[in-house]
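Computed from a predicted structure; not experimentally measured. Counting begins at 1 with the first residue of the sequence.
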Amino acid sequence: MKKRILSVVVALCLIVGMCPIFASAGGRAYTYVFDSNGVRKNVATPSAAAGTSAGGTTISSEGNGWAWDKATNTLTLSGADFTESSGMMSMLFYCDATIHLADSSQNVVSASKSSNAGTGIYCIGNLTITGKGSLDLRWTGETGFTRTELELEASKKLLIRDGKITAQSLRGKDKIQVAGGNVTVNSIGYCPLDVEKGMETGYENKKVSLSVSGGNLSISELKGNPSELLITGGTVSVTENMFVFDSVLSVKNGTLNITQGKMFSQVNFKSIEIDNANVNSNVHFQIASSDTIISFDQLDRI
């Protein structure tokens with residue numbers, strides 16, 4: 001009887017061990033934590049990340065292709081390769097921070113396990129990206145297939161001033177703003193990250209403002225997250241599908257290109273304002289609380 005019970009316990013342990021583990025923001029460990037005290041590595045818990053000395057190992061503020069200035073909260077990347085063969089790669093800025101991409105530099109943040117897709121760069125505060133280098137956030141799958149699968153998130157405002165950025169998604173809480181550079185992402189979304197409290201509840205229905213005043217922003221799928229899409233310069237291209245509900249669209253002195261992909265796109269705006277702008281779309285727009293449907297060939301005449 002004891003042997004039978006032991007066999008059942010062992011079997012259950014094996015089953016549990018084989019099940020995938022999905023960690024929320026509250027349970028995510030961090031490979032690097034940057035703050036006004038310096039740099040720590042392998043911080044096991046978010047609560048430890050909040051401490052000035054607790055959790056992880058303090059390391060040098062300079063590495064191969066990177067340097068952290070704790071006085072200005074600026075991480076300068078000049079050919080950095082943050083790749084973890086163990087699979088996890090999460091970088092946390094526990095302060096308002098700036099990532100500066102040195103001119104012509106190529107910088108990579110990479111994870112290598114499919115179970116860790118969705119890790120990336122996180123900022124508790126406002127995050128600004130400057131410089132004319134490139135930043136490629138990517139997941140290298142276990143089969144060797146590489147795709148952009150890491151996120152770039154800020155719990156307040158995410159501002160991209162320049163550079164070439166490739167990521168799975170951009171996420172912000174107050175606003176996502178692209179003022180320059182060339183940015184390629186799969187999606188735009190609300191940032192639910194709260195290190196002390198974990199993942200916000202009910203964040204799936206929350207929206208964030210997306211503002212583009214310069215540069216080029218290419219989005220594979222623009223879903224129902226933006227509360228408003230404000231374009232005052234530059235070019236925004238939606239290359240696959242667009243699912244937007246009860247949002248504000250304003251395009252002034254910029255360009256908006258929308259191409260319907262394999263799936264049916266549904267666009268329902270609260271209001272639409274287009275002035276001195278170039279809008280190209282093969283998707284019909286509908287104004288919320290109205291039967292009015294605006295086809296793409298009518299947009300130039302609004």
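- Between the side chain of Asn107 and the backbone N or O of Ser134, at least one donor-acceptor pair lies under 3.5 Å.
- Residues Ile274 and Leu217 share a hydrophobic cluster, clusters being chains of Ile/Leu/Val/Met/Phe/Trp/Tyr side chains in contact below 4.5 Å.
- In this structure the side chain of Phe82 reaches within 4.5 angstrom of the side chain of Met91, judged on heavy atoms.
- For the pair Thr98/Asn73, no side-chain contact is recorded, criterion being any heavy-atom separation below 4.5 Å from C-beta on.
- For the pair Ser105 and Gly79, the tightest heavy-atom approach, listed with the atom from each and the gap, is CB-N, 3.7 Å.
- The OG1 atom of Thr31 sits 10.5 Å away from atom CG of Leu92, with the distance rounded to the nearest 0.5 Å.
- In this structure, Val39 and Thr58 have side chains that are not in contact, with every pair of non-hydrogen atoms separated by 4.5 Å or more.
- Side-chain atoms of Asn186 never come within 3.5 Å of backbone atoms of Gln168 as a donor-acceptor pair (strictly under, hydrogens ignored).
- Note: Phe34 and Trp66 have perpendicular aromatic rings, judged against thresholds of 30 and 60 degrees for the angle between ring planes.
- In this structure, the side chains of Ile99 and Leu77 come closer than 4.5 Å at one or more pairs of heavy atoms.
- Of all heavy-atom pairs spanning Ser271 and Val248, the tightest one is OG-CG1, 3.5 Å.
- One finds the CG atom of Leu230 at 9.5 Å from the CD atom of Glu273 (value rounded to the nearest 0.5 Å).
- Between Ile219 atom CD1 and Glu240 atom CD the span is 12.5 Å, to the nearest 0.5 Å.
- Taking CG of Leu135 as the reference point, atom CD1 of Ile165 lies at 4.5 Å (rounded to 0.5 Å).
- Connection of Val251 to Ile272 is established within a shared hydrophobic cluster, with ILVMFWY side chains joined at heavy-atom distances below 4.5 Å, either directly or through further cluster members.
- By the 4.5 Å heavy-atom criterion applied to side chains, Asn126 and Thr128 are not counted as neighbours.
- Side-chain polar atoms of Thr74 and His100 form no donor-acceptor pair below 3.5 angstrom.
- Across every non-hydrogen atom of Ile231 and Gly234, the tightest pair is CG2-O, 4.4 Å.
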Apply side-chain contact (heavy atoms from CB on, under 4.5 Å) to the pair Ile129 and Leu101, showing each step before the final yes or no.
CA-CA 8 Å; Ile129 297 180; Leu101 308 175; 4.0 Å; yes
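- Considering OG1 of Thr57 and NZ of Lys41, their distance stands at 9.5 Å, rounded to 0.5 Å.
- Judged by distance alone, with hydrogens and angles left aside, the side-chain atoms of Thr235 form no donor-acceptor pair with the main-chain N or O of Thr255 at under 3.5 Å.
- Contact of the Leu170 side chain with the Ile188 side chain is registered, since non-hydrogen atoms from C-beta on lie closer than 4.5 Å.
- Taking hydrophobic clusters as Ile, Leu, Val, Met, Phe, Trp and Tyr residues chained together by side-chain heavy-atom distances below 4.5 Å, Val108 does not share a cluster with Tyr122.
- In this structure, the separation between CD on Gln177 and CD1 on Ile160 is 10.0 Å, given to the nearest 0.5 Å.
- Centroid-to-centroid, the aromatic rings of Tyr32 and Trp68 stay 6.0 Å apart or farther.
- Annotation: side chain of Asn278 is not in contact with side chain of Leu256 (no heavy-atom distance under 4.5 Å).
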side-chain contact (heavy atoms from CB on, under 4.5 Å) for Leu137 and Glu151? Distances and angles first, verdict last.
CA-CA 7 Å; Leu137 287 79; Glu151 299 172 341; over 6 Å; no
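- Salt bridge Asp136/Lys164: absent, no basic N to carboxylate O contact under 4.0 Å.
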Given Val236 and Leu210, is the side-chain contact (heavy atoms from CB on, under 4.5 Å) satisfied, shown in steps?
CA-CA 11 Å; Val236 176; Leu210 172 59; 5.6 Å; no
For Lys252 and Asp275: C-alpha separation, side-chain torsions, deciding distance, then whether salt bridge (Lys or Arg N to Asp or Glu O under 4.0 Å) applies.
CA-CA 5 Å; Lys252 299 179 179 179; Asp275 183 21; 5.6 Å; no
Assess the residue pair Thr130 and Asp162 against the criterion (side-chain contact (heavy atoms from CB on, under 4.5 Å)); give the C-alpha distance rounded to whole Å, side-chain angles, the decisive distance to 0.1 Å, and a yes or no.
CA-CA 5 Å; Thr130 65; Asp162 210 340; 5.6 Å; no
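- The two residues Gly125 and Ala154 come nearest to each other via the heavy atoms O-CB, 3.7 Å.
- Considering Leu75, Val33, Asp35 in turn, Leu75 is the only one that fulfils the side-chain contact (heavy atoms from CB on, under 4.5 Å) rule with Phe93.
- Side-chain contact check for Thr239 and Ser237: no donor-acceptor pair (N or O, by modelled atom type) lies under 3.5 Å.
- Classification of Lys157 and Asp174 as a salt-bridged pair fails, no side-chain N sitting under 4.0 Å from a carboxylate O.
- Nearest heavy-atom pair across Val238 and Ser220 is CG1-O, 4.1 Å.
- For the pair Glu228/Ser247, no side-chain contact is recorded, criterion being any heavy-atom separation below 4.5 Å from C-beta on.
- A pairwise comparison of heavy atoms in Ser61 and Gly38 identifies OG-CA, 4.3 Å as the closest pair.
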